[in-house]
Asks: 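Below you will find the structure I want to go over with you.
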Amino acid sequence: MILILGGTTEASAFARLLAARPDRPALISLAGRTLKPAQQPLPTRVGGFGGAAGLADFLAANGVRAVVDATHPFAEKISANAALACAETGTPLLVLRRRPWQAEPGDEWTEVEDAPAAALALGRKARRVFLTVGRLELPAFLAAPQHHYLIRTVDPPEALPPKAKLILERGPFVEAAETALLQKEKIEVIVTKNSGGEATYAKIAAARALHLPVILMRAPERPSVACVDTAEAALAWLEGMQSRRD
Ligand code: NAP
């Protein structure tokens, strides 16, 4: 059995490839953070494992032959747990992760480590900010209440800064609509994560065209394990592993 740690577009794409391969039984695991997760083409389990030790127990109890960690580039804990649990149980591990976006001519980026640094980088003067960092990162912006925020999340956040307008929407997004939104809301600066991938890139392209600055949170460093950036490459890794075993 193959365990996919999911919650991303890449994980769902890989799940679709495996769903067409009944010779490779697989299970997808979701953290359970989104209220209405995207429908998965494979058997699905939801919720944490109980740290690295819990995940190691799960791998052993379910006869997992390989783990594909296809979690989001910013999901740091689960990836660290997967590396530990796979090392402990001798389970092969592959990371399937999209590459971060790279700046292009015309991009005006400030890269920062985390959400508190992003809030600080907005400066003292009140600005009109488009904030798309995920609802769990929003508390950091309570420390910068002078700004007017247009906040977009998938699920409703628990706390919002005082001057905030909320949009609940899930990607993918297109550039024309992002441009219209930025103009209508008179946005002066965008704050987001450098998540990579196509689904949420439109705001970066729109910012470039409108000459707007972007404050980008950098993805955290990850344990060094085998890594690919497409579902097809992950399938090739699995097949290579199988043929080495045979
Ligand atoms: P995280 O901080 O790395 O993980 C926190 C805890 O959530 C983990 O220790 C684990 O609990 C549980 N968990 C995370 N992913 C899981 C999975 N796929 N299956 C089972 N348990 C999981 O993760 P996060 O940043 O909160 O992200 C949670 C999920 O949302 C991830 O699956 C990720 O792919 C997805 N996501 C995250 C972001 C983001 O910006 N962080 C964006 C889009 C999607 P236990 O220790 O109890 O096992």
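Ligands are counted one by one from 1 in listed order, and the atoms in each one are counted from 1 as well.
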Asks: Find all atoms of ligand 1 within a distance of less than 4.0 Å from any non-hydrogen atom belonging to Gly7, and give their numbers and elements.
Replies: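 Going through ligand 1 atom by atom, the ones under 4.0 Å from Gly7 are 34 (O), 35 (C), 36 (N), 44 (C).
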
Asks: Are Glu175 and Lys203 close enough, and set up right, to give a salt bridge (charged side-chain N to carboxylate O under 4.0 Å, His left out), and what steps lead you there?
Replies: CA-CA 6 Å; Glu175 188 178 336; Lys203 60 179 175 257; over 6 Å; no

Asks: Quick check: are there more than 12 heavy atoms from other residues, nucleotides or ligands sitting under 6.0 Å from CD of Glu198?
Replies: no

Asks: Who's the nearest protein heavy-atom neighbour of atom 23 (O) of ligand 1, and how far?
Replies: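 Going by distance alone, atom 23 (O) of ligand 1 is nearest to Ala75 CB, 3.5 Å.
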
Asks: Between Ser79 and ligand 1, is there a nitrogen or oxygen pair with a distance under 3.5 Å?
Replies: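 The answer is no, given that Ser79 and ligand 1 share no N or O pair closer than 3.5 Å.
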
Asks: Relative to atom 40 (O) of ligand 1, which among Glu76, Arg97, Lys193, Arg45 owns the nearest non-hydrogen atom?
Replies: Lys193

Asks: As an exercise, identify every atom of ligand 1 less than 4.0 angstrom from a heavy atom of Asn81.
Replies: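 Counting atoms of ligand 1 from 1, those under 4.0 Å from Asn81 are 9 (O), 46 (O).
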
Asks: What residue and heavy atom of the protein are closest to atom 17 (C) of ligand 1, and at what distance?
Replies: Ala31 N, 3.5 Å

Asks: Which heavy atom of the protein is the closest neighbour of atom 48 (O) of ligand 1, given with residue, atom name and distance?
Replies: Phe49 N, 2.6 Å

Asks: Using a 4.0 Å heavy-atom cut-off, say whether Leu30 meets ligand 1 through its side chain, its backbone, both or neither.
Replies: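 Within the 4.0 Å criterion, Leu30 contacts ligand 1 through backbone atoms alone.
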
Asks: Any idea how His72 and Phe74 line up, ring-wise: parallel (<30°), tilted (30 to 60°), or perpendicular (>60°)?
Replies: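 It falls in the tilted class, 30° to 60°.
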
Asks: So, is Gly50 polar-close to ligand 1, with some N/O to N/O distance under 3.5 Å?
Replies: yes

Asks: Under 4.0 Å from ligand 1, counting heavy atoms only, is it the side chain of Arg33, its backbone, both or neither?
Replies: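 Side chain only.
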
Asks: Which other residues belong to the hydrophobic cluster containing Val174, where Ile, Leu, Val, Met, Phe, Trp and Tyr are joined when side-chain heavy atoms lie under 4.5 Å apart, directly or via other members?
Replies: none

Asks: Hey, does Gly6 sit under 4.0 Å from ligand 1 if you only count heavy atoms?
Replies: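 Contact present.
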
Asks: Report yes or no: do Ile78 and Ile28 belong to one cluster of Ile/Leu/Val/Met/Phe/Trp/Tyr joined by side chain heavy-atom distances under 4.5 Å?
Replies: no

Asks: Under 3.5 Å, N or O to N or O, is Ile78 touching ligand 1 that way?
Replies: yes

Asks: For atom 37 (C) of ligand 1, what is the nearest protein heavy atom, given as residue, atom name and distance?
Replies: His72 CB, 3.4 Å

Asks: Within the 3.5 Å criterion, strictly below it, is a donor on Thr132 or Arg152 matched to an acceptor on the partner's side chain?
Replies: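 The answer is no; no qualifying pair exists.
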
Asks: Heavy atom of Gly47 under 4.0 Å from ligand 1?
Replies: yes

Asks: Counting heavy atoms only, which of Gly51, Gly48, Ser29 is nearest atom 46 (O) of ligand 1?
Replies: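 When every heavy atom of Gly51, Gly48, Ser29 is considered, Gly51 comes closest to atom 46 (O) of ligand 1.
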
Asks: Please give the remaining members of the hydrophobic cluster of Phe130, linking ILVMFWY side chains under 4.5 Å, ordered by chain and number.
Replies: Trp101, Trp109, Leu150, Ile167, Leu181, Leu182, Ile187, Ile190, Tyr201, Ile204, Leu210, Leu212, Val214, Leu216

Asks: Whether the Ser79 and Asp69 side chains hold a donor-acceptor pair (N or O, under 3.5 Å, no angle test) is what I'd like checked.
Replies: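 Yes, Asp69 and Ser79 have a side-chain donor paired with an acceptor closer than 3.5 Å.
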
Asks: Indicate yes or no: does Arg97 engage Glu10 in a salt bridge with an N to O separation below 4.0 Å.
Replies: no

Asks: With a 4.0 Å cut-off, would you call Glu158 and Arg135 a salt bridge?
Replies: no

Asks: Of the backbone atoms (N, CA, C, O) and the side-chain heavy atoms from C-beta on, which set of Glu10 has a member under 4.0 Å from an atom of ligand 1: side chain, backbone, both, or neither?
Replies: neither

